[in-house]
S.K.: 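Can you keep this structure in mind? I'll have questions shortly.
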Protein chains: 2
Amino acid sequence: MTTRWLTPEEQRAWRAYNAASRLLEDVIDRQLQQEGGMPHLFYMVLANLSEAPDRRLRMTDLAETLKITRSRLTYAVTRLERDGLVRREDCRRDRRSSLAVLTDEGMAVLERTAPGHVETVRSALFDRLTPEQVGQLAEICTGIARGLQDEDPGAGAGDLPWRRRSSCSP
Amino acid sequence: MTTRWLTPEEQRAWRAYNAASRLLEDVIDRQLQQEGGMPHLFYMVLANLSEAPDRRLRMTDLAETLKITRSRLTYAVTRLERDGLVRREDCRRDRRSSLAVLTDEGMAVLERTAPGHVETVRSALFDRLTPEQVGQLAEICTGIARGLQDEDPGAGAGDLPWRRRSSCSP
DNA sequence: CCCCCTTGGTTCAAGTTTGAAACAAACCTA
DNA sequence: TAGGTTTGTTTCAAACTTGAACCAAGGGGG
């Protein structure tokens, strides 16, 4: 079958998206690096932990919500641990698992860093969007994300009992 | 001034965006890596060169359109040059500049790789969007990109004679 | 219980990215 | 036109990412 190339309108969207996403991630990374000494991803690790029950999460679960590989998370947590912002803990239920725990210092850094980060996200993104556009963006992105999530397992249509989720709170 | 935190709707959008952009870039990188032996960025270097007059571009101009640092581009071009897909050429007009030139082999690889790439972009992104959403995405992203472009120079309002653009075709 | 398959994590080497120098050519301007 | 600034590019080390390989521990059948 011959390739279905992108229409001019699709090209316009695709190029704009690539430019915007690169620029956006750059500003955010730079801001967080300067004021928090860590890249965006590491910040998100802290943020996710801070919202988790008891400030701890299984490595695998954390990786899944962040949409990154376990290997990448291992590196991030190791670094954050070295800086004292996160601590590893063994899981009692399943001796294979390990939990990442946000330390008090980690929480402090997060609280100190959050305002500047939010301000950046706001001025770079939301201040330039109308309320309708915020909704449109959310709609578009949840659709894309859901699509890309559920296709990995098998090649065909999803037939799983709608995604299991293991838990491991002590 | 106290922080203007994100509204629930903004949070929803922001989280969805982060998930989607990460997943999207992952699929595309993986596909391109497997079928083309290069990451997305490198493909974009080839693609941009292929559309340039005479298939050549100044490093700085290329970096600017790709929204990446010159340093990053240097690395990419060096690697592509090692693989024979791109060649460097000196600029006659300005002896400081160097041009990246798409070789015939580079063009061939690009043509061989493009269909699979487009198919991935399509199935991951555009097949999940309505025509209106494509327009919305384009609108949103051009707005963001424009905003982030023009704020870098100075801190205040732009006062430049609307962005110069040097050219250097032989 | 033992074997096999799956799951949770880490490790390791190779690849990529970053940001701060370093350099060199071009461009003022006095 | 010498000297200082700007512009175009590369270099380098440190940081981060990737993917494959590895090592446990859990979970069934037999």
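Every chain is numbered from 1, with letters handed out A, B, ... down the list of sequences.
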S.K.: Counting only distance, no hydrogens or angles, is the base of dT7(D) paired donor-acceptor with the side chain of R96(B) under 3.5 Å?
M.R.: yes
S.K.: From NZ of K67(B) over to C1' of dT17(C), roughly how many Å is that when rounded to an integer?
M.R.: 19 Å
S.K.: Which nucleotide sits closest to the side chain of S97(A): dT17(D), dG9(C), dA26(C)?
M.R.: dG9(C)
S.K.: On a plain distance test, is the side chain of S71(A) in donor-acceptor contact with the base of dG19(D) below 3.5 Å?
M.R.: yes
S.K.: OP1 or OP2 of dG8(C) versus the side-chain N and O atoms of R58(A): is any pair under 4.0 Å?
M.R.: yes
S.K.: Give R70(B) one of three labels, base, sugar-phosphate or nothing, depending on what nucleic acid heavy atoms sit under 4.0 Å from its own.
M.R.: base
S.K.: Can you tell me if R15(A) and T142(B) form a side-chain donor-acceptor pair at under 3.5 Å?
M.R.: no
S.K.: Atom CZ of R22(A) and atom C1' of dT17(C): how far apart are they, to the nearest Å?
M.R.: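 Rounded to whole Å, this separation is 12 Å.
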S.K.: What I want to check is whether the side chains of T130(B) and E132(B) have a donor and an acceptor closer together than 3.5 Å.
M.R.: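 Yes - a donor-acceptor pair under 3.5 Å links their side chains.
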S.K.: Just the rounded figure in Å: distance from C1' of dC12(D) to CZ of R72(B).
M.R.: 18 Å
S.K.: Once you round to the nearest 0.5 Å, how far does CG of L49(A) lie from CE of M44(A)?
M.R.: 12.0 Å
S.K.: Ignoring hydrogens and angles, answer whether the base of dG9(C) and the side-chain atoms of S98(A) contain a donor-acceptor pair closer than 3.5 Å.
M.R.: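 A donor-acceptor contact between them is absent.
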S.K.: Just checking, any donor-acceptor pair under 3.5 angstrom between side chains of Q34(B) and R30(B)?
M.R.: no
S.K.: Could you verify whether a donor N or O on one side chain and an acceptor N or O on the other, from R58(B) and S97(B), lie under 3.5 Å apart?
M.R.: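 Distance-only check passes for R58(B) and S97(B).
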S.K.: Could you tell me how far apart Q33(A) (CD) and dA14(D) (C1') are, to the nearest whole angstrom?
M.R.: 11 Å
S.K.: Starting at CZ of R88(A) and ending at P of dG8(C), how long is that distance when rounded to a whole Å?
M.R.: 16 Å
S.K.: Starting at CE of M38(A) and ending at P of dT18(C), how long is that distance when rounded to a whole Å?
M.R.: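 Whole-Å distance recorded here is 18 Å.
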S.K.: Can you tell me which nucleotide in dT10(D), dG19(C), dG8(D) comes closest to the side chain of R30(A)?
M.R.: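 Per side-chain heavy atoms of R30(A), the pick is dG19(C).
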S.K.: Within the pair Y75(B) and dT17(C), is there a side-chain N or O less than 4.0 Å away from OP1 or OP2?
M.R.: no
S.K.: Let me spell it out: for each of R79(B) and D29(A), pick the nucleotide of DNA chain C with the closest heavy atom. Which residue's pick is nearer the 5' end?
M.R.: R79(B)
S.K.: Roughly, in whole Å, what's the span from CG in L32(A) to P in dG19(C)?
M.R.: 12 Å
S.K.: Just how far, in rounded Å, is P of dG26(D) from CZ of R95(A)?
M.R.: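 Computing the R95(A):CZ to dG26(D):P distance gives 5 Å.
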S.K.: Taking the minimum atom-to-atom distance to the side chain of F42(B), which one of dC16(D), dG19(D), dT16(C) wins?
M.R.: dT16(C)
